[in-house]
Amino acid sequence: MPDIDRATDPFDLMTTALILVDAHGLIEYWSPEARDLLGYAPADVLGRAAAPLLDSESVADAVTRVRSVGGRWQGRVCVRHHAGHRVELVLGIRTLAAPGDGGGYLAGLCDVAGLGRWELSQAVLRGLLTRSPIGIAVLDANLRRLWVNDVLAGMEGLPAEGNGDPPAPLGTGEVLQAMERQSRQALTTGATKLCVDRVVVPSGTSHHSGREHLRLRSSFPLRSGTGAVLGVCQTAVDFPEKDRGRERLLLVNEASEYIGTTLDLGRTVAELTEILVPRVADFAAVDLLDDARTAGAAAQRGHGGLYRAAHLSVRADHPEVVVAIDAPTHYQAQSPQSRALATGSPVWDAAVTSSTRWLRQDPLRREAFVRIGVHSHLVVPLRARGVTAGVVTLLRWENPDPFDEDDVLLVEELAAQAALCVDNARRFAREHSAALALQTSLLPPALPHHSAVEIGYRYLPADAGVGGDWFDVIPLSGARVALVVGDVVGHGIHAAASMGRLRAAVQTLADLDLPPDELLTHVDDLVLRLADEAEATDRDPAITGATCLYAVYDPVSRKLCAARAGHPSPSIAHLREPVGFLDVPAGPPLGLGGLPFESAEIDVEEGTVIAFFTNGLLEAADHDVDAGLERLSFALAHPDRPLEEICDTVVRTLLADPPRDDVAFLVVRTRVLSSDRVASWDIPSTPSAVPEARRSALGQLARWDLDDLAFTTELIVSELVTNAMRHAHGPISLRLIHDRTLICEVSDASNTSPHMRRARHTDEGGRGLFLVAQLAQRWGARYTAHGKTIWTEQPLPALATDTASAA
């Protein structure tokens, strides 16, 4: 590079050519200076990759690449040398970032964009701001003006400022507020933000004055060498409106960022209409096949009915609309819409009149077209991945120009982008529906009535996708009940399926009457085994994480025993005390293995409300758990209210917006079995005690008006007490509970497990438990810290059942 006297203004020695390159490396603007310098006309290079052109040896004698400290290429500067020390510079403004390892004034010029070192002289900086062919402003991190050149000052009505001036706010006014919003978005997202507006340049301000132009405004963050955001650079460029190719290219670029911002099908097609109206058409409508709502490949089987998914008009009252949103749309067989669906190609009517053949067959639309003055009509199919999802219809009446071939190509490109987003939204909706159906089928459809607790519950799937939250209420022996709530990490079908496996495992283990800490240990082992199987098969994804809380409430002893594995503790609302949270020892999440779980036993008074919930309920308040706990305490206050009202209050207080994560919560009000419905006796270990136990049981049945169960109960009591005397040791007790069933329990101090078997004809014993199983509806054994309990349940007579329900 020839030596340049830094005392002179380098901008006097060079001509600046502007090239704008999009995020994909494609040329989107090619200035006249670039054409003169590099020899390519704009029509030859727009839309082409910039790298081959700028790196070509025939184009530049030297190429200096600008890169950040991390080594990522951020832009390039191409330099040509000529006689007389004339230097012509080509720089990619959009992609220029932090200073690299270039030298001389070129590195200094990069420093201006990076706000790092001020190595250039005041003359160079003044030249950049005053002689750039585009409007440039540099804002600090608080969006205050540091630099504004004369070009941007003239465009946007800002005072020109130079180095050393105190920072100033951006300003007020509609345009300046829009610039501030765009700059703030660039700061928060770290991405370049673009917008294109139509403006009328005032007379006498430029050689394009008095005419309508397109103005491209861009804002991109400025970073230091360490990656810290220092501010924002704003640029503005005016294009004559007659340059329709450039306008279309900018519109396609804007559509790529605007369409498909969400996976919501309705919002996606609405974004397409907002891009098309008014810049391409005066009215745009999107009609989707009914199959597009949920299914994918089903659309290939034939073109079923259409429904109106979105429409937009330049007129707010939509006088041209003959179909409402979400309503079915009907088109004649020869209509452009039907032909576009059948052929997969656009159908274009440059001129539409009342005598147009297909329009004569549709009197309703013909009357609307004639009344409004529609003169041009275009229909483009929405096709993605070989599937037609619907059609886009465009009309013009205020725009005097008919649709031409360039318009057709433009709308096809926009429709192709939108069709991919529609297909993505449709696939997401299909998976979400399947996961929700699976989740709903695996959750309890309706919880039965329990004597131990009154129940209220809610399950709300996440707005982004169904997860693995679940709850359960499981009846146990002795009128007890198990209360379960859990959460599987992740979303989608696999999370729902994993939830179903864990719920089934918990139900099975609960039937064994295991203590809460032992049950969670077995579930933890199951999660580890499932993870090993998934890793070995490399087919099904493993359960990446799960939490669970398991509690058992006994309405006779009025005690709640609970253990938790990585799950929040339940909240408890006393009748005469403030709302609090149960002190349940924290355990590790399921699947870690090797760490023990610990149970806690709490005395609970009758009428207490206990809330079990997943973490999605607490984190719904802007991911602030403390705020979620406060709101939950507020919602649970006054526990004497109906549980459904409490559940509605919880949803209203903590879930004002659609939840970002699944939410499941279970609210129970404890009940107590009165002492007159429970009878117990201590049985001495003597043979004469068996008849006495039978007589005591029969006397209690008579007081409960359950004489119909006297014979079977007498046999069951005799057999269980006799077995305890023969095969166990320690104190023996007998307990009868009059609940929804008649419960008979015999407890002893032995841990030996009874087994039912079929005795042979020659055996003198071994038929006792078999007989008990035939007489009882259910039977089983549970183990305690002091031994075991053998229990049976017998159904009550109809009258006694009604009496128990009333109690």
Would you check, one step at a time, whether the test side chain to side chain contact (heavy atoms under 4.5 Å, CB included) holds for Val604 with Lys559? CA-CA 6 Å; Val604 180; Lys559 293 184 181 295; over 6 Å; no
Just by distance, do the side chain of [X] and the backbone of [Y] share a donor-acceptor pair under 3.5 Å?
X	Y	value
Ser571	Gly580	yes
Arg480	Ser477	yes
Ser599	Asp517	yes
Thr712	Leu709	yes
Tyr550	Gly486	no
His567	Asp487	no
Thr262	Asp264	yes

Under 4.0 Å between a Lys/Arg side-chain N and an Asp/Glu carboxylate O for [X] and [Y]?
X	Y	value
Glu605	Arg576	yes
Glu714	Arg695	no
Asp676	Arg703	no
Asp511	Arg778	yes
Glu598	Arg564	no
Arg558	Asp554	no
Asp739	Arg677	no

Should the heavy atoms of other residues, nucleotides or ligands under 6.0 Å from [atom1] of [X] be counted, would the total exceed 12?
X	atom1	answer
Phe581	CZ	yes
His786	NE2	no
Asp583	CG	no
His638	NE2	no

Of the non-hydrogen atoms in [X] and [Y], which two are nearest, and what is the gap between them?
X	Y	value
Ala693	Leu734	O-CD2, 4.1 Å
Arg458	Phe471	O-CE2, 4.2 Å
Val523	Leu590	CG1-CD1, 3.7 Å
Ala546	Val489	N-CG2, 4.4 Å
Val552	Pro516	CG2-CG, 4.2 Å
Val717	Ala697	CG2-CB, 4.1 Å

Consider only side-chain N and O atoms of Asp469 and Thr614, and report whether a donor and an acceptor are under 3.5 Å apart. yes
Quiz prompt | Heavy-atom check, side chain of Ile572 versus side chain of Val579, under 4.5 Å | solution = no
Worksheet item: Is the shortest heavy-atom distance from the side chain of Ile790 to the side chain of Glu745 under 4.5 Å?
Response: no
How long is the gap from [atom1] on [X] to [atom2] on [Y], to the nearest 0.5 Å?
X	Y	atom1	atom2	value
Leu483	Asp472	CG	CG	9.5 Å
Leu701	Phe711	CG	CZ	13.5 Å
Leu514	Leu509	CG	CG	6.0 Å

Note to self: Working note: Asp648 + Arg652, criterion salt bridge (Lys or Arg N to Asp or Glu O under 4.0 Å); need CA distance, chi angles, decisive distance, verdict.
What the structure shows: CA-CA 6 Å; Asp648 292 339; Arg652 185 172 58 254; 6.0 Å; no
When the side chains of residues 682-689 are checked against the rest of the protein, which donor-acceptor pairs come out under 3.5 Å, sequence neighbours left out?
{"unit_1": "Thr686", "atom_1": "OG1", "unit_2": "Ser688", "atom_2": "OG", "d": "3.4"}

Taken in chain and number order and not counting sequence neighbours, the residues that satisfy side-chain hydrogen bond (donor to acceptor under 3.5 Å, both in side chains) with Glu601 are none
Across all chains, not counting sequence neighbours, the side-chain hydrogen bond (donor to acceptor under 3.5 Å, both in side chains) partners of Asn751 are none
